[in-house]
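Below: the structure, in structure tokens.
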Amino acid sequence: VSTGFTIRDSIGNVAQHFARQMAEQGWKNEAMWAGPATAGSTWTRPMDSDANLQGMLMVSAFDDGRFTTTFNVTKVK
């Protein structure tokens, strides 16, 4: 899933906003990173007794206040 939006904020704050939402939904944070134009995090969450979900959130910032976010999920055993 990918979406774009415009906001006046730093990439770190935008990434933290989405990280809080992920944690509130029961995802466990595995790693986070932030640079001048990209930030992201990786997550895990139990799916059932036999499998987990692994997710990666990536945020990209552009000079005019535009951002894109992408979230990829994979089922793993």
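This structure is a prediction, so every number in the text was calculated from the model and none was measured.
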### Query
Can you list the residues that meet the side-chain hydrogen bond (donor to acceptor under 3.5 Å, both in side chains) rule with Ser49, with sequence neighbours excluded?
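With neighbours one apart ignored, the set is empty.
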
### Message
Among residues at least two apart in sequence or on other chains, which ones pass side-chain hydrogen bond (donor to acceptor under 3.5 Å, both in side chains) with Thr38?
### Response
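None.
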
### Query
If every non-hydrogen atom of Trp43 is compared with every non-hydrogen atom of Leu57, which pair is closest and at what distance?
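Nearest pair, atom of Trp43 first, then Leu57: NE1-CB, 4.4 Å.
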
### Task
Could you pull out the closest heavy-atom pair between Ile11 and Phe67, with the gap in Å?
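In this case the closest contact between Ile11 and Phe67 is CA-CE2, 3.8 Å.
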
#### Entry: For Met58, the rest of its hydrophobic cluster, which grows through side-chain links under 4.5 angstrom
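Met58 shares its hydrophobic cluster with no other residue.
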
For residues 24-36, which side-chain N or O atoms pair as donor and acceptor with protein atoms under 3.5 Å away, sequence neighbours left out?
unit_1, atom_1, unit_2, atom_2, d
Glu30, OE2, Thr44, OG1, 3.1

### Message
Main chain of Thr69, side chain of Ser2: is a donor-acceptor contact present, judged purely on distance under 3.5 Å?
### Response
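Yes; at least one donor-acceptor contact below 3.5 Å.
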
### Message
In this structure, would Val73 and Met47 fall into the same cluster of hydrophobic residues linked by side-chain contacts under 4.5 Å?
### Response
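Both belong to a single hydrophobic cluster.
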
### Any side-chain heavy-atom pair of Val76 and Thr74 under 4.5 Å
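Yes. Closest side-chain heavy atoms under 4.5 Å.
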
### Query
For residues 51-68, which residue pairs qualify under side-chain hydrogen bond (donor to acceptor under 3.5 Å, both in side chains), counting only residues two or more places apart or in two chains?
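Applying side-chain hydrogen bond (donor to acceptor under 3.5 Å, both in side chains) to every pair that reaches into residues 51-68, excluding sequence neighbours, yields Asp64-Arg66.
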
### Query
Going by the side-chain hydrogen bond (donor to acceptor under 3.5 Å, both in side chains) test, which pairs reach into residues 7-20, not counting sequence neighbours?
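Of all non-adjacent pairs touching residues 7-20, those that pass side-chain hydrogen bond (donor to acceptor under 3.5 Å, both in side chains) are Asp9-Asn13, Ser10-Asn13, His17-Gln21.
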
